[in-house]
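Since the structure comes first, as C-alpha cells, the remarks are kept for the end.
The chains referred to below are lettered A, B, ... by the order of the sequence lines, with proteins before strands, and numbering in each begins at 1.
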Amino acid sequence: MELKDYTKKIIESALNKAGISFSDYIIEEPKNPEFGDLSSNIAMTLAKTLKKAPRTIAEELIKSFEFDNNIIEEVSIAGQGFINFKFSKKIYPLLLSSVIEEKENYGKNNSGEGKRVNVEYVSVNPTGLLHLGHGRNACIGDTIANLYKWNGWDVTREYYFNNAGNQMKNLALSIYARYRQQLGETDFPFPEDGYHGEYIKTIAAEIIEKYGSQYQNGTDDDLNFIRKFGENWCFDKIKATLKRLNIKQDVFFNEDSLYHDGKIDKLIADLKRLDLVYEKDGALWLALSKMGLKDDRVIVKSSGEPTYRLPDIAYHRDKFERGFDLLIDIFGADHIATIPDVLAAIKYLGFDSSKVRVLIHQFVTLTENGEQVKMSKRTGKSYTLDDLLDEVGEDVVRFFLIMRGISTHLEFDLGLAREQSEKNPVFYLQYAHARICSVLDLAKERGINLDRKPNLSILENNYEIDLIKKILKFKETVTTACDKCEPQILADYLRELANAFHIFYHECRILGVEEELQTARLNLALATKITLKNGLSILGINAPERM
RNA sequence: GCGCCAGUAGCUCAGUUGGAUAGAGCAUCAGCCUUCUAAGCUGAGGGUCACAGGUUCGAAUCCUGUCUGGCGUACCA
C-alpha cells in the first residue's frame, strides 16, 4: 500500500538524519481508529538499544519528520510511545482512480517477476474418489497458486501420483473380488485390507457390462487389465471432480517415470557416493542419523522394492533440477512423517532445502446441527467431495474449505453451507457484488455516463472513506496472504470489504443525488465491484451479476 | 514414550510474528423497508485467552512444566 511506503520513508529518513540504522519496527493499522490511520512502534523498539524512554525518542524523531501536509494531517505520540499518523481524508479518493483504471489487474503486483514456483497439491493416487480432506487440499493449493500468480510469479500447478506398487495391486484385487461376487460367487473372499468403498462395486459392474466374464480367471494379464481399468476409472472421476471446482493442474507427474528415467538409480548411486546409505538385514537404509535426525529409515526393502521415501526424495530433487525458485508442498496432517527425511536428504544432496515450503493442513469434519456427519443422506454411503458439491455447490465448497487457517481443524457445517441466506458467508460476498451490478445496470438504463472524469474528491463522509480505505487495502492483502500462504486472510478481507460496501449502500444513496456526487459514488461502487470480483477470482469463486 | 498441530464469547473461528480497551460470523434479545436487491443495516448482552510459573516498559502471542483433543511415530503411501 502506497501510504505505508510513504510513512516508512518518513521514518527512514528521520533515522538517517539521526545516524541510526535500525529496521526492527513495524508500521500497522491500529485496532482503534482513534489512534490514526497508521501507527509505528519504532520509538519503543529503539528504546532498548538507545536506552532512552520511548516517548523522548518519539519526540526527537518527530522533530525531523518531513512530509506533505496535504497527505498527512497529523503526527502524534500516544500511549507508551506509539507514533501515530493521521492522513488527510482528501488523499483517499485520489488513490481510487487507479483501481478503476487497472480493472481486472487491480491487486496484481510484479514482486515475483522472473521467479518460478511449483505448487504441488491434491496428489491423490488413483485408487479411489476424492473426499473432504482432499477437497481442502485442492482448494488451498489452487488458491495459493492463484495468489502467487497475482504476485507475479510463474506458477506450475502439479499433481504427483503413483500408479504402481502395492496399493494398485490392492485396487485390482479388490475390484476382482467384487467382480467375481457379481458374477455369481457371492462368497468369493474379499481381500482383508482391500478397498471397501461402494465405487469398487461400480467399477466391477462396469467391467461386466463392457467385457462380461472374460477376466474371471484372474491371470496376471486379467489382473493387469482390471488394475488399469480401475486406475483410469478413478483418475477420470478425480479429474472430473477437480474440474467442477475449476481446478486444472499443469503437470501430472507419474512417480513411475522416476524409475524409467533412471532417476532412482542415480539417487541411490549419489547417496552411496556421499556415504549416506548402508545395507543391513538385506535392506538399504538411509543414514538420517548422519543428517541430524534421530532414526535411520529403510529406503529399499529386503524384497528389493523401494519404500515411499526414496521416490519422494528423487521427486523433490527432480523439481529442484527443473529450476524452480520455490517448491510448495501441500499435505494433509497424515503425511507429516516423511517431510523431515526428504528435506534432510535434499539438503545433503546439495540443494537449498529452505526453498521447500511444506504446508500441512489439518483434517476436515463434516457436521450438521452440531453432530458429526459421516454418511451422505442421499446415497447412504460415506461422503465424497462430489456428494458435497451436489449438495451445496462449487462456490460454497471452495469458500468453506479455505475460510479457516490451514493449521487448524476445519469444521464444515453442512447446515450453514446449505443455507441460501444471509447466514452463509459466501452469499454475503456474492450479494454485495450482485447489488453493485444492479445499481450499475440501473445507472446505464438511465443513460448516466460513468466514463466522464469523476470528481472523486467529493467523497468525504465516513462511510465513503471507510469503503475506499478497504478497497485500497486489497493489494497489501494479496501480498500478505501469499507470503503467509494463508488463503483465509483474503477470505476475511473480502468479508470486511463487502461489509463496508453494505454499510455505504445503506447510508448513502447512489442514484438520484446531485450529479457530481452521483458520478463519484457510482465510481466508488464500480471500484468495489472490481475489487470484490478480483478477490473472488483468486478464491476461485464466481461473482454473480444477479442473485 | 517421542514428534507435529490445536485449546480464545453458547458454537465456529480471527488476532498482521511482543503493543494501546482481546475481535468477527453464527446463535440470543431489541430495532430499521412509500425510494438504487432486507441474501442488507443498527444496537445490546456474552471472556480467568486450558492451567501454573518465568522472561520485560508491555504476553493470547516468547520460554519451561502440566492437562485435554487430533494426527503421526512401518522393510504401508
If we take the [atom1] atom in both [N] and [M], what is their distance in whole Å?
N: B:A22; M: B:U48; atom1: C1'; result: 13 Å
N: B:A14; M: B:C49; atom1: C1'; result: 13 Å
N: B:G54; M: B:U61; atom1: C1'; result: 15 Å
N: B:G46; M: B:U8; atom1: C1'; result: 14 Å
N: B:A38; M: B:A24; atom1: P; result: 24 Å
N: B:G3; M: B:U17; atom1: P; result: 29 Å
N: B:G19; M: B:U56; atom1: C1'; result: 13 Å
N: B:G7; M: B:G15; atom1: P; result: 10 Å

Rounded to the nearest 0.5 Å, what separates atom [atom1] in [X] from atom [atom2] in [Y]?
X: A:L459; Y: A:N523; atom1: CG; atom2: CG; value: 8.5 Å
X: A:S302; Y: A:K280; atom1: OG; atom2: NZ; value: 12.5 Å
X: A:L96; Y: A:L472; atom1: CG; atom2: CG; value: 6.5 Å

Just to be sure I understand the rule, does [X] reach a base, reach only the sugar-phosphate, or reach nothing, if contact means heavy atoms closer than 4.0 Å?
X: A:N162; value: sugar-phosphate
X: A:S438; value: base
X: A:I339; value: nothing
X: A:E545; value: base
X: A:C437; value: nothing
X: A:D193; value: nothing
X: A:L284; value: nothing

Worksheet item: Under 5.5 Å between ring centres and under 30° between planes: does that hold for A:F363 against the base of B:G70?
Response: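 It does not: the two rings, one from A:F363 and one from B:G70, miss the stacking criterion.
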For [N], does OP1 or OP2 lie under 4.0 Å from any side-chain N or O of [X]?
X: A:T408; N: B:A14; result: yes
X: A:K473; N: B:U16; result: no
X: A:S407; N: B:C5; result: no
X: A:N499; N: B:C41; result: yes
X: A:Y428; N: B:C41; result: yes

Quick check for you: among [options], whose closest atom lies nearest to any side-chain atom of [X]?
X: A:K301; options: B:G69, B:C75, B:C32; value: B:C75
X: A:Q362; options: B:C5, B:U16, B:A38; value: B:C5
X: A:Y505; options: B:C13, B:A38, B:G70; value: B:A38
X: A:Y431; options: B:G25, B:A38, B:C76; value: B:A38
X: A:P30; options: B:A77, B:A39, B:A20; value: B:A20
X: A:V439; options: B:C32, B:G72, B:C36; value: B:C36
X: A:Q167; options: B:A77, B:G3, B:G19; value: B:A77
X: A:A283; options: B:C75, B:A20, B:A38; value: B:C75
X: A:R435; options: B:U37, B:C5, B:C75; value: B:U37
X: A:K294; options: B:C36, B:U12, B:C2; value: B:C2

Worksheet item: Does some side-chain heavy atom of A:V426 sit less than 4.5 Å from a side-chain heavy atom of A:F400?
Response: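 They are in side-chain contact.
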If I take atom [atom1] in residue [X] and atom [atom2] in nucleotide [N], what distance separates them, rounded to the nearest angstrom?
X: A:L288; N: B:A74; atom1: CG; atom2: P; answer: 13 Å
X: A:R404; N: B:G25; atom1: CZ; atom2: P; answer: 13 Å
X: A:Y493; N: B:C13; atom1: OH; atom2: P; answer: 25 Å
X: A:L440; N: B:U37; atom1: CG; atom2: P; answer: 11 Å
X: A:F399; N: B:G25; atom1: CZ; atom2: C1'; answer: 10 Å
X: A:I27; N: B:U17; atom1: CD1; atom2: P; answer: 12 Å
X: A:L429; N: B:U37; atom1: CG; atom2: P; answer: 19 Å
X: A:L416; N: B:A39; atom1: CG; atom2: P; answer: 17 Å

Discussion item. Taking syn as a glycosidic torsion within 90° of 0 and anything else as anti, which one is B:C4?
Written reply: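 This nucleotide is in anti.
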Item to complete: Assign B:U21 to syn or anti; the rule is syn for a glycosidic angle within 90° of 0 and anti otherwise.
Response: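 Here the answer is anti: the torsion falls beyond 90° from 0.
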Does [X] come within less than 4.0 Å of [Y], counting only side-chain N to carboxylate O?
X: A:K473; Y: A:E476; result: no
X: A:D37; Y: A:K469; result: yes
X: A:K319; Y: A:E158; result: no

[X] (side chain) and [N] (base): donor-acceptor pair under 3.5 Å:
X: A:N84; N: B:A20; answer: yes
X: A:S39; N: B:A20; answer: yes
X: A:Y308; N: B:A77; answer: yes
X: A:S302; N: B:C75; answer: yes

Worksheet item: How do A:I83 and A:A498 order along RNA chain B: which one's closest nucleotide is nearer the 5' end?
Response: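 By nearest-heavy-atom nucleotide position, the 5'-most residue is A:I83.
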Fill in: RNA chain B: 5'-proximal contact among A:R509 and A:F82 (nearest heavy atom)
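Looking at the nearest nucleotide for each, A:F82 comes out on the 5' side.
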Are [X] and [Y] close enough that their ring centres sit under 6.0 Å apart?
X: A:F82; Y: A:F35; answer: no
X: A:Y6; Y: A:F85; answer: no
X: A:F504; Y: A:Y463; answer: no

Pairing partner of [N] (Watson-Crick or G-U wobble, both distances under 3.5 Å):
N: B:G1; answer: B:U73
N: B:A50; answer: B:U66
N: B:G19; answer: B:C57
N: B:A39; answer: none

